[in-house]
Amino acid sequence: MNMRPNWELKHCCNHEQFVFLVTFSVCAAVILPLWRTILLKPFKLVTVFLHKASHAIACKLTSGKVEGSQVHADEGGTTQTRGGVYWFILPAGYLGSSFWGMLLILASTTLLTARIAAGCLVAALLVVLLVAKNWTLRGLCIGFVIFLGVIWVLQETTDIRILRYIILFIGVMNSLFSVLDIYDDVISRRVHSSDAEKFAEVCPCPCNGIGWGIIWGLISFFFLCGAMYFGSCDTVLRQII
């Protein structure tokens, strides 16, 4: 049996590749028209959580201190940091969200990696619960820990095996959130307090907030395309695990 990754996607698509691409497309087709509705609010708040968590991780990686984090019901939020490398912390929110989205999409391709991703997400939610500064974030952490726990129990004890699809949905949400939120905050209505505008102020490059927003948006779109490509490569993740 040839277990080499099908990097060139020759003879695409076998059954699993077809299911992955169709499910990915269905997730995107559901998310885009419902983007501004209340139906997706819990999942959008999770994407905001990962956005803020990415700022916090970047702060810790550059020897800074995270003093607290908040996620607001209006899908905004803050991460209070002290020290660290500011120009590294600022882009970490959008780019971190798209990176986590890519990892979650790839993790959804096998049950083992989906379990690992769900376990890591639960662990991250529990850690953030300890530093959460408002009840929206606390409620989000508790609610999604319970939600993922229920999905996991159903996966292991019943015929309702949807853990992989939930992880995929959250991954697609994060990937699309990065692109759409950058467009909303930086290009379509130019929020002057956005991460891109702040980054333009501290970066010595001749580029304004819109320019950085476009660059970050392209990088986020690259992560999304990379997730589709690597997720479609026949047996890649199976060879790794």
Side-chain angles (χ1 to χ4, degrees), residues 27 30-31 34-61 64-84 86 89-101 103-104 107 117-155 162-163 165-182 184-186 189 191-198:
C27 288
V30 169
I31 290 168
L34 298 178
W35 185 253
R36 300 188 187 280
T37 69
I38 196 172
L39 294 175
L40 291 183
K41 183 172 282 289
F43 290 96
K44 290 181 76 174
L45 290 178
V46 169
T47 65
V48 175
F49 154 73
L50 288 173
H51 177 108
K52 302 307 173 185
S54 298
H55 283 307
I57 292 170
C59 177
K60 297 297 288 185
L61 288 175
K65 180 180 179 181
V66 180
E67 298 185 333
S69 184
Q70 297 183 35
V71 171
H72 301 148
D74 63 358
E75 298 166 20
T78 59
T79 301
Q80 295 86 36
T81 63
R82 183 169 57 185
Y86 200 45
I89 296 171
L90 282 171
Y94 289 123
L95 300 184
S97 290
S98 57
F99 177 74
W100 298 125
L103 289 186
L104 289 171
C120 291
L121 189 54
V122 167
L125 289 165
L126 291 174
V127 170
V128 171
L129 181 61
L130 299 176
V131 298
K133 295 295 185 180
N134 68 329
W135 277 105
T136 300
L137 182 52
R138 294 187 189 111
L140 176 69
C141 292
I142 295 170
F144 256 83
V145 167
I146 295 172
F147 171 72
L148 289 172
V150 169
I151 295 298
W152 199 315
V153 170
L154 291 175
Q155 174 74 38
I162 59 173
L163 180 62
Y165 303 110
I166 295 297
I167 295 300
L168 175 61
F169 188 84
I170 296 174
V172 175
M173 274 286 299
N174 273 275
S175 296
L176 292 178
F177 173 84
S178 296
V179 177
L180 296 176
D181 205 44
I182 288 172
D184 281 347
D185 287 352
V186 180
R189 55 189 178 93
V191 178
H192 291 285
S193 61
S194 70
D195 292 341
E197 292 289 348
K198 292 178 181 177

In Å and rounded to the nearest 0.5 Å, what is the OG to CG distance from Ser175 to Leu180?
10.5 Å
For the residue pair Arg138 and Leu129, establish whether any side-chain heavy-atom pair is separated by less than 4.5 Å.
yes
Pair Leu148-Ile166, side chain to side chain contact (heavy atoms under 4.5 Å, CB included): steps then yes or no
CA-CA 9 Å; Leu148 289 172; Ile166 295 297; 4.3 Å; yes
Does any non-hydrogen side-chain atom of Leu40 lie less than 4.5 Å from one of Ile31?
yes
Might you point out which heavy atoms bring Ala117 and Ala107 nearest each other, and give the distance in Å?
CB-CB, 3.7 Å
Under the side-chain hydrogen bond (donor to acceptor under 3.5 Å, both in side chains) test, residues paired with Gln155 that sit two or more places apart:
none
In Å, rounded to the nearest 0.5 Å, how long is the span from OG of Ser178 to CZ of Phe99?
12.0 Å
Kindly indicate, with the supporting measurements, whether the criterion side chain to side chain contact (heavy atoms under 4.5 Å, CB included) is fulfilled by Ile162 and Leu154.
CA-CA 8 Å; Ile162 59 173; Leu154 291 175; 5.5 Å; no
Contact between Cys59 and Thr79 at the side-chain level, heavy atoms closer than 4.5 Å - yes or no?
no
Does atom CD1 of Ile38 have more than 12 heavy-atom neighbours, drawn from other residues, nucleotides or ligands, at distances under 6.0 Å?
no
Measuring from atom CG of Leu137 to atom CD1 of Ile142, what distance do you get when rounded to the nearest 0.5 angstrom?
9.5 Å
Looking at residues at least two apart in the chain, or sitting in another chain, which of them share a side-chain hydrogen bond (donor to acceptor under 3.5 Å, both in side chains) with Thr136?
none
Shortest non-hydrogen contact from Leu45 toward Leu140:
O-CD2, 3.3 Å
Mind checking whether Lys52 and Gln70 have side chains closer than 4.5 Å, heavy atoms only?
no
Closest contact, heavy atoms only, Ala58 versus Ala92
CB-CB, 3.5 Å
Tell me every residue that passes side-chain hydrogen bond (donor to acceptor under 3.5 Å, both in side chains) with Lys60, counting only those two or more places apart in sequence or in another chain.
none
Counterpart residues, ring pair (Phe, Tyr, Trp, His ring centres under 6.0 Å), relative to His51 (two or more places apart)
His55, Tyr94
Inter-residue atom distance Phe49.CZ - Leu121.CG, 0.5 Å rounding
6.5 Å
Within 6.0 Å of NZ in Lys41, more than 12 heavy atoms from elsewhere:
yes
Heavy-atom pair of closest approach, residues Asn174 and Ser97
CB-O, 3.5 Å
Within the structure provided, determine whether Phe177 and Val48 are in side-chain contact (heavy-atom separation under 4.5 Å).
yes
So CG of Asp181 and NZ of Lys44: to nearest 0.5 Å the spacing works out to 8.0 Å
Can you list everything that forms a ring pair (Phe, Tyr, Trp, His ring centres under 6.0 Å) with Tyr165? Sequence neighbours excluded, please.
none
Minimum-distance pair of heavy atoms, taken over all atoms of Tyr86 and Lys198:
OH-CD, 3.9 Å
Closest contact, heavy atoms only, Ala56 versus Val66
O-CG2, 3.6 Å
With Phe43, which residues qualify under side-chain contact (heavy atoms from CB on, under 4.5 Å), at least two apart?
Phe144, Phe147, Phe169, Ile170, Met173
